[in-house]
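Below is one structure; the comments refer to it alone.
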Amino acid sequence: MTTVGIGTHTPEQALASLSNMTHSVTPIQADEYLVRMAKAQAYMQANNIDAIYLNAGTNLTYFTGMKWYASERLVGAILPAMGEVQYIAPHFEIGSLNGFKVIDGPIHGWQEHENPFELFVKVLKQLNISDTATVGIDESAQFFIFDGINKASSGLELVNAQPVTAHCRMHKSANELALMQCAMDMTLAVHQATASMLYEGISTVEVEEFIKKAHQKVGAPGNYFCIVLFGLATSFPHGVKDPQILKKGDMVLIDTGCKVHDYLSDITRTYVFGEATSRQRLFWDFEKAAQLAAFNQAALGETCESVDEAARSYLAAQGLGPEYQTPGCPHRTGHGIGLDIHEWPYLVGGDKTPLATGMCFSNEPMLVIPDEFGVRLEDHFYMTDNGPRWFTQPSHSIDDPFGLNS
């Protein structure tokens, strides 16, 4: 049996099959940012945290809507447990930052020759936050920020802000889910178009370039990331240094995603170019069953690690592993996703976070058969009041990965 829908179009025909898919979605609005900050402040008050620092990057964007990049300069915001958000930035950037501001709050500027961390402590005092207060530092902030604040303060207790940020970010709203659903749908369409234009002799570099154009055609800026692997290279989960050329009988693994109003997709498909061998079929079916075992374990209140264990137990029963050994699944079953490609919590041994409504996860218990090939089928699900729901339906079969013949 030959694979259905693979290699049936030219690249031009495959691109022509795609169109913009973003017309019905809207970005997160100011009222939702205010709700997020209020939720964080309620948590801070309940847990005796007086303020948190949000560094430029996804935490700053998540809570305030301001989009800025982390650099060697202090740019971010102080969110006090009570009161208005306070931005801190180089003085010469204030005009630019005002253009990115969604939530009102003063921007405190520091000149290039001044110590920004002394300004940080000064702002805390202006907020009537004591010299011995507990202040959370953005878990993604560079060490120099923690070190600078620590040296500029005399008695502040600096802690990891992750309990606050994760408490808010791991539970997605209906608006967030809609943006992620759109992004997932777009990337799945790109996957299908990509499979249709493969031909013997094409390089992984050419496929990556096609995927970029395809993501742009469906309405994304391009690829947020892209991994394309053929043959033996598929046994290396995150790729190899050199490009490959596609041959008949090669396993093909493509892992890619895009952004829609800052929210991400991340989908992997694995199939064979040409006729699959019985061994390729066997392990592909093991992978699909392990993915389903994880999904079926994902009930409200179950722990994240139990979902990982469900996939791993199934694979062990097939003689794979055990645990993280190969041949088998060498990495976690899944990760959270949202504004970052990897977010809390994680479907991995040791993560005892109970599953709750609004949590989103990848489901990708990849199989690695060393010196032969790898198989990763990755779709995401989110938790509803009634249990897990797929963003995208899992791959149908090795011969018909997109269900075109079902």
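The figures here come from the full heavy-atom set of this structure, side chains too, leaving out hydrogens, waters and symmetry mates.
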Sorted by chain and residue number, the salt bridge (Lys or Arg N to Asp or Glu O under 4.0 Å) partners of E364 (sequence neighbours excluded) come out as R376
So that I can tick it off, tell me whether K67 and D262 are bridged by a salt bridge, with the cut-off set at under 4.0 angstrom between side-chain N and carboxylate O. yes
Side-chain donor-acceptor contact under 3.5 Å, D379 with Q291: yes
Under a 4.0 Å threshold between the charged nitrogen and the carboxylate oxygen, would D285 count as salt-bridged to R281? no
For the atom pair CG (N160) and CD1 (I137), what is the distance rounded to the nearest 0.5 Å? 9.5 Å
Could you pull out the closest heavy-atom pair between T256 and I211, with the gap in Å? OG1-CG2, 3.7 Å
In terms of relative ring orientation, are Y382 and F391 parallel, tilted or perpendicular, with 30° and 60° separating the classes? tilted
Output yes when a side-chain donor or acceptor of T234 lies under 3.5 Å from a complementary backbone atom of F230, and no otherwise. no
Give the C-alpha distance, both sets of side-chain angles, the deciding distance and a yes or no for side chain to side chain donor-acceptor pair (under 3.5 Å) between N59 and D138. CA-CA 8 Å; N59 275 329; D138 188 332; 2.8 Å; yes
Check: S17 side chain, A14 main-chain N or O, donor-acceptor pair, under 3.5 Å: yes
Does any part of the side chain of M82, heavy atoms only, come nearer than 4.5 Å to the side chain of Q41, both counted from C-beta? no
Any donor-acceptor pair under 3.5 Å linking the side-chain atoms of N20 with those of T22? yes
Do Q297 and V307 come close enough that some side-chain heavy atom pair is under 4.5 Å? yes
Quick check with a 6.0 Å cut-off and a 45 degree axis cone: is R36 positioned over the face of F63's six-membered ring? no
Heavy-atom nearest pair, V75 first then L97, reads CG1-CD1, 4.2 Å
How long is the straight-line distance from OG of S235 back to CD of E372, given to the nearest 0.5 Å? 9.0 Å
Is there a side-chain contact between H261 and I28 (heavy atoms, below 4.5 Å)? no
Answer yes if the side chains of E309 and S306 hold a donor-acceptor pair under 3.5 Å, and no otherwise. no
Shortest non-hydrogen contact from P243 to V205? CB-CG2, 3.8 Å
Any side-chain heavy-atom pair of Q142 and N55 under 4.5 Å: yes
More than 12 heavy atoms from other groups under 6.0 Å of NZ on K151: no
Show your working on side chain to side chain contact (heavy atoms under 4.5 Å, CB included) between L264 and M180 and close with a plain yes or no. CA-CA 6 Å; L264 289 158; M180 294 171 67; over 6 Å; no
Short side-chain to backbone donor-acceptor contact, K217 and L15, under 3.5 Å: yes
Just how far is it from atom CD of E208 to atom OG1 of T194, taken to the nearest 0.5 Å? 11.0 Å
Test item: T64 side-chain N/O and I103 main-chain N/O as donor-acceptor pair under 3.5 Å: no
List the steps, then state whether side chain to side chain contact (heavy atoms under 4.5 Å, CB included) holds for R312 with C329. CA-CA 7 Å; R312 224 163 284 283; C329 179; 3.7 Å; yes
For L315, is there any backbone N or O sitting under 3.5 Å from a side-chain donor or acceptor partner on Q318? no
Counting N and O atoms only, with roles assigned by atom type, does the side chain of T384 sit under 3.5 Å from a partner on the main chain of N386, one being a donor and the other an acceptor? yes
If we ignore angles and hydrogens, is there a donor and acceptor under 3.5 Å between the side chains of Y33 and D31? no
We want to know whether T357 and H171 form a side-chain donor-acceptor pair, criterion being a heavy-atom distance below 3.5 angstrom. no
Students often mix this up, so state it plainly: with edges at 30° and 60°, are the rings of F100 and W68 parallel, tilted or perpendicular? perpendicular
Note: A220 and C258 closest approach over all heavy atoms is CB-CB, 3.7 Å
Output for pair (L246 CG, L229 CG), nearest 0.5 Å, gives 12.0 Å
Other residues, nucleotides and ligands only: do more than 12 of their heavy atoms fall within 6.0 Å of NZ on K213? no
Could you walk me through whether T392 and H380 pass side chain to side chain contact (heavy atoms under 4.5 Å, CB included), step by step? CA-CA 7 Å; T392 52; H380 288 65; 6.0 Å; no
Write down the atom of F373, the atom of R279, and the distance for their closest heavy-atom approach. CZ-O, 4.0 Å
Any side-chain donor paired with an acceptor under 3.5 Å for Q216 and N223? no
Intermediate values then yes/no, side chain to side chain contact (heavy atoms under 4.5 Å, CB included), T303 and L355: CA-CA 6 Å; T303 62; L355 300 183; over 6 Å; no
For K39, check salt bridge (Lys or Arg N to Asp or Glu O under 4.0 Å) against everything at least two apart and list the hits. none
For Q280 and T277, indicate whether the former's side chain and the latter's backbone hold a donor-acceptor pair under 3.5 Å. yes
Do H335 and E343 have side-chain atoms, one donor and one acceptor, less than 3.5 Å apart? no
Would you please say whether a donor-acceptor pair under 3.5 Å links the side chains of Q244 and D250? no
Report yes if the side chains of Q13 and M197 come closer than 4.5 Å at any heavy-atom pair, otherwise no. no
Side-chain donor or acceptor of E323 paired with backbone N/O of G321 under 3.5 Å: no
Is a side-chain donor-acceptor pair under 3.5 Å present for D399 with S397? no
Are H108 and F120 packed together at the side-chain level, in the sense that at least one heavy-atom pair is separated by less than 4.5 angstrom? no
Tell me, do E176 and Y263 make a side-chain contact under 4.5 Å, heavy atoms counted? yes
Answer with yes or no after comparing the ring centroid distance for W284 and Y271 against a 6.0 Å cut-off, counting only values under it. no
Spacing of F146 atom CZ and F117 atom CZ [to the nearest 0.5 Å]: 12.0 Å
Minimum heavy-atom distance M184-I267, with the two atoms named: O-CD1, 3.4 Å
State, with a plain yes or no, whether a side-chain heavy atom of T333 is found less than 4.5 Å away from one of N363. yes
Quick check: does any side chain N or O of S395 sit under 3.5 Å from a backbone N or O of P401, one acting as donor and the other as acceptor? yes
Distance-only side-chain donor-acceptor flag, N175 / E32, under 3.5 Å: yes
So CH2 of W110 and CD1 of I94: to nearest 0.5 Å the spacing works out to 11.0 Å
Check: D351 side chain, Y346 main-chain N or O, donor-acceptor pair, under 3.5 Å: yes
Once you measure the plane-to-plane angle for Y314 and F286, does it fall in the parallel (<30°), tilted (30-60°) or perpendicular (>60°) bin? perpendicular
Between E200 and K247, does any NZ, NE, NH1 or NH2 come within less than 4.0 Å of an OD or OE carboxylate oxygen? no
Do we get R73 above F92's six-membered ring, with its NZ or CZ under 6.0 Å from the centre and within 45° of the axis? no
